[in-house]
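Order of the sequence lines fixes the chain letters, A, B, ..., with proteins taken first and strands second; residue numbering starts at 1 for each chain. Everything numeric in this text was worked out from a predicted model, so none of it was measured.
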Number of protein chains: 2
Amino acid sequence: MRRMTARPANAHQARLLRLLRDGGPNSRAQLGDEIDLSRSKLAVEIDRLLETGLVVADGLAASRGGRRSHNIRLAPGLRLLGVDIGATSVDVAVTNAELEILGHLNQPMDVREGPVAVFEQVLDMAAKLRASGVAEGFDGAGIGVPGPVRFPEGVPVAPPIMPGWDGFPVREALSQELGCPVMVDNDVNLMAMGEQHAGVARSVKDFLCVKIGTGIGCGIVVGGEVYRGTTGSAGDIGHIQAEPDGRPCACGNHGCLEAYFGGAALARDAEDAARDGRSAELAARLEEVGSLAATDVAAAASAGDATALDLIREGGTRTGQVIAGLVSFFNPGLVVIGGGVTGLGHTLLAAIRTQVYRQSLPLATGNLPIVLGELGPAAGVTGAARLISDHLFSPA
Amino acid sequence: MRRMTARPANAHQARLLRLLRDGGPNSRAQLGDEIDLSRSKLAVEIDRLLETGLVVADGLAASRGGRRSHNIRLAPGLRLLGVDIGATSVDVAVTNAELEILGHLNQPMDVREGPVAVFEQVLDMAAKLRASGVAEGFDGAGIGVPGPVRFPEGVPVAPPIMPGWDGFPVREALSQELGCPVMVDNDVNLMAMGEQHAGVARSVKDFLCVKIGTGIGCGIVVGGEVYRGTTGSAGDIGHIQAEPDGRPCACGNHGCLEAYFGGAALARDAEDAARDGRSAELAARLEEVGSLAATDVAAAASAGDATALDLIREGGTRTGQVIAGLVSFFNPGLVVIGGGVTGLGHTLLAAIRTQVYRQSLPLATGNLPIVLGELGPAAGVTGAARLISDHLFSPA
DNA sequence: CCGACTTTCTCCTGTCTCAGGACAAAGTGA
DNA sequence: TCACTTTGTCCTGAGACAGGAGAAAGTCGG
């Protein structure tokens, strides 16, 4: 199960590997065009990569009018594990070196059960994926957790919604269990990396990725790199004040964005509306299940329930208000909206857009797309795979 | 007057020049310790720099227990012009290659008079500085303007407070007039660069620099580099909403920060207070001069006037509210407060601190200094010199 | 089927970069 | 005066690298 994955010996090899991963060309000649190296030097580096087994030459490509080229590919057996721990569920996926998802499992789970229980679950899911035949072992794993992370060490710090994880050596522990390199990051940052690699943010260098799940967070990408802040808490926008002296929030302050919107707030507001008799639709659902979630509001809204639509619109407006400020401040080239509540879809998006376009500076919004994420639940695990892949594909 | 300044031939030479500029050591041996190069290679590069005249070897340093070293210094005759155009005044300064200010002039002037009039003024001030003997000519100039700039071209774009400047080719025009390379940036970004180079932010990589002048802006530094955003408007925080449906703002929206604080809003509020009879102190000053400015409020406050103190505190609280959100979002390692209203001093700082420390997340504020800028009016011109120096000290 | 042309890949050689050792120069301190 | 330290210079050999020559393998038109 333990694998001795080779690492690129220098920056040239690292660039080649990433180029291959990100959909670059496959022949020596075309790789030489993309990378700033002579054919001779390039040939040497590729030969070395072939020796280490990091890339393979399998077969010949079709001719483009001359001699046929050898197909250079990343090691086909390389397998990465992407883990995305949310507040209420866990996603685990296996990818190849190109970060294509070969298998993906999702399981409800409360992160507050603590790292030991969650790890057991994650390892179990990884074992299931192995058993299904998509992987024999893992060359690396990336894992996202719903809270701030001291990135270099891979340790959560003071995470509000998962107090039991504070200081738990996630990176070290998982690395021990899996016998491969592991990198840890905030789940929102991974979503941003996922959308950047395979989603809607492919060609953008500076963008924001707002994840609305149980809470609300924001991934910040500057010059193509995730920005994590001084203590790893950058993007923690859930507790920005949306209303001075507003609703009390679980954090102890008043008027925080999360007091008004996000999966938790939305569910609570929906239950209130059901009990107050403001929405027959929601009341019926509450009767049925005993509690409500964001998905119930989404369903009610798409059934035409006015109260549900109002809840979504109001939440979107609040969120848009905060995003408007961030847009003025950060002047991004794109804003991606993602997370569990994307089921609320275009009603939410329209409310956010209206607010941002109205409130931010014209110069900042003039050419600013605000769009839903493309990858859905795959964004997090793809980002996780990308994270560890960046690590593996950098000089040892 | 036109000068043919040499440029470093490669990245090594550029690094050496910046190291010397930023207070690095002066002997070949010690430079070799800081830079990752062998003594032999280093000697070659320094010899080349000596040939081009970019550095000189003047005399011997004191012995440190062995052979005395030659003092390697940046060309002593190199002169940079730093220009900081504010809303209501212009600063022009001359520095040497180490960015030490050799001469500094300040002149009141309304930026709305347009680029032609302002340029005439700037060139006149530059000529005065030359006449005073601190410079014979200029090897480069940096200039800051109070609005968004398309940085690569050095052209202001859609600047709200200086409409006549929209699209004016500042960089090209000034370069023609002065006969040397010119770089243009937003004034707030330059202030941030100034404080980073010679001020309070010397050792910090990620920080915010809030400038409260006539308006309010924010310089964003990520990894030691100024972040300018997609269209050059990053940091434009004056029109972030501080109060939903609040006071009308000149920009057309309601509740913007600048409707509550900044030099313009403070002056207006002070005049209101003087007329309403809420402050005898301010009324007396109004009587005297006919209008009030931020400095009058500062004077009244230090004379103990309660209303003036209240105005400052309230403005600081509003500003702190916005900064609190930015701190949660950006998680900086330092927040610098600067600009014309720093005369309001610690009353203002205390109000901002209180609000930020109360409202932002503990993880983000736990170790976050919020301090006044060190350089005062020298910050902008120092940053401007630094900007052009970075350009000159990069490979041609 | 043949020759002209294209594309891909390999091999070779000369140039340039660079590190580190040897050593000279210039100082300190006992 | 001698042992030792620091600085600076010179030299040599190892490695990085570009680009030309040319082989290999294909297309295409006549």
Side-chain angles (χ1 to χ4, degrees), chain A residues 6-20 23-74 393-396, chain B residues 7-20 23-74 394-396:
Chain A
R7 292 278 289 276
N10 56 43
H12 295 317
Q13 294 187 12
R15 284 191 60 198
L16 278 170
L17 292 172
R18 292 181 190 202
L19 200 55
L20 289 167
N26 291 95
S27 74
R28 285 173 168 84
Q30 288 184 68
L31 285 167
D33 294 342
E34 301 255 342
I35 229 167
D36 192 32
L37 272 182
S38 67
R39 292 173 317 242
S40 37
K41 177 62 179 164
L42 189 96
V44 170
E45 296 299 351
I46 291 184
D47 285 346
R48 287 185 191 155
L49 285 173
L50 285 166
E51 269 174 44
T52 64
L54 272 168
V55 304
V56 297
D58 64 338
L60 296 169
S63 166
R64 304 198 312 152
R67 174 174 173 177
R68 292 164 65 193
S69 63
H70 291 272
N71 263 330
I72 308 291
R73 292 189 191 287
L74 288 170
F393 292 172
S394 59
Chain B
R7 291 279 288 275
N10 57 42
H12 295 316
Q13 294 186 11
R15 283 191 60 199
L16 277 169
L17 292 173
R18 293 181 191 202
L19 200 56
L20 289 168
N26 291 96
S27 74
R28 285 173 167 84
Q30 288 185 68
L31 284 167
D33 293 342
E34 300 256 339
I35 229 166
D36 192 31
L37 273 182
S38 67
R39 289 177 315 237
S40 39
K41 176 61 179 165
L42 189 97
V44 171
E45 297 298 353
I46 291 184
D47 284 346
R48 288 185 190 155
L49 285 173
L50 285 167
E51 269 173 44
T52 64
L54 272 167
V55 305
V56 296
D58 64 336
L60 297 170
S63 167
R64 305 197 312 150
R67 175 175 173 177
R68 292 165 66 193
S69 63
H70 290 270
N71 262 330
I72 308 290
R73 293 191 190 288
L74 289 170
S394 59

Problem set entry | Closest contact, heavy atoms only, A:A57 versus A:L50 | N-CD2, 3.6 Å

Exercise. Just to confirm, is there a sub-4.0 Å distance from OP1 or OP2 of D:dG26 to any side-chain nitrogen or oxygen of A:S63?
Worked result: no

Problem set entry | Test log, rule side chain to side chain contact (heavy atoms under 4.5 Å, CB included), inputs B:V56 and B:I72 | CA-CA 6 Å; B:V56 296; B:I72 308 290; over 6 Å; no

Problem set entry | Between the first and last five pairs of the helix from C:dC1-D:dG30 to C:dA30-D:dT1, the angle of the axes, rounded to 10 degrees | 10°

For this session: Enter the distance from B:L37:CG to B:I35:CD1 here, rounded to the nearest 0.5 Å.
Result: 5.5 Å

Exercise. Reckon B:H12 has a side-chain N or O less than 4.0 Å from the OP1 or OP2 of C:dC18?
Worked result: yes

Problem set entry | Nearest-0.5 Å distance, CD1 of residue B:I46 to CG of residue B:L54 | 12.5 Å

For this session: State the CD-OG distance between A:Q30 and A:S69, to the nearest 0.5 angstrom.
Result: 7.0 Å

Problem set entry | Interatomic distance, A:R15 atom CZ to A:L31 atom CG [nearest 0.5 angstrom] | 11.0 Å

Grab the N/O contacts between the protein and nucleotides 8-12 of chain D below 3.5 Å, and write none if there aren't any.
{"from": "D:dG8", "atom 1": "OP1", "to": "B:H70", "atom 2": "N", "distance (Å)": "2.7"}
{"from": "D:dG8", "atom 1": "OP2", "to": "B:R28", "atom 2": "N", "distance (Å)": "3.0"}
{"from": "D:dG8", "atom 1": "OP2", "to": "B:A29", "atom 2": "N", "distance (Å)": "3.0"}
{"from": "D:dT9", "atom 1": "OP2", "to": "B:R28", "atom 2": "NE", "distance (Å)": "3.2"}

Exercise. Can we say A:R28 and A:D33 salt-bridge, meaning some charged N sits less than 4.0 Å from an Asp/Glu carboxylate O?
Worked result: no

Problem set entry | d(CG, A:L60; C1', D:dG26) in whole Å | 11 Å

Problem set entry | For atom CD of B:E45 and atom P of C:dT17, their distance in whole Å | 8 Å

Problem set entry | Rounded distance in Å - CD (B:E34) to C1' (D:dT7) | 16 Å

Exercise. What is the distance, rounded to the nearest whole Å, between atom NZ of B:K41 and atom P of D:dG15?
Worked result: 19 Å

What nitrogen or oxygen pairs link the protein and nucleotides 14-16 of chain C at under 3.5 Å?
none

Seminar exercise, completed: The reported gap from CZ in B:R18 to CG in B:L74 (rounded to nearest 0.5 angstrom) is 12.0 Å

Exercise. Given that B:G66 and A:L37 both sit by DNA chain D, which one's nearest nucleotide is further toward the 5' end?
Worked result: B:G66

Exercise. Choosing from C:dT17, C:dG20, D:dA18, which nucleotide comes nearest the side chain of B:R48?
Worked result: C:dT17

Problem set entry | A:P25 versus A:L20, closest heavy-atom pair with distance | O-CD2, 3.5 Å

Problem set entry | Check ion pair B:R48-B:E45 (N to O, under 4.0 angstrom) | yes

Exercise. Atom CZ of B:R64 to atom C1' of D:dT7: distance rounded to whole Å?
Worked result: 10 Å

Exercise. Hey, does B:R73 have a side-chain heavy atom less than 4.5 Å from the side chain of B:V55?
Worked result: no

Exercise. Atom CG of B:D36 to atom C1' of C:dG20: distance rounded to whole Å?
Worked result: 14 Å

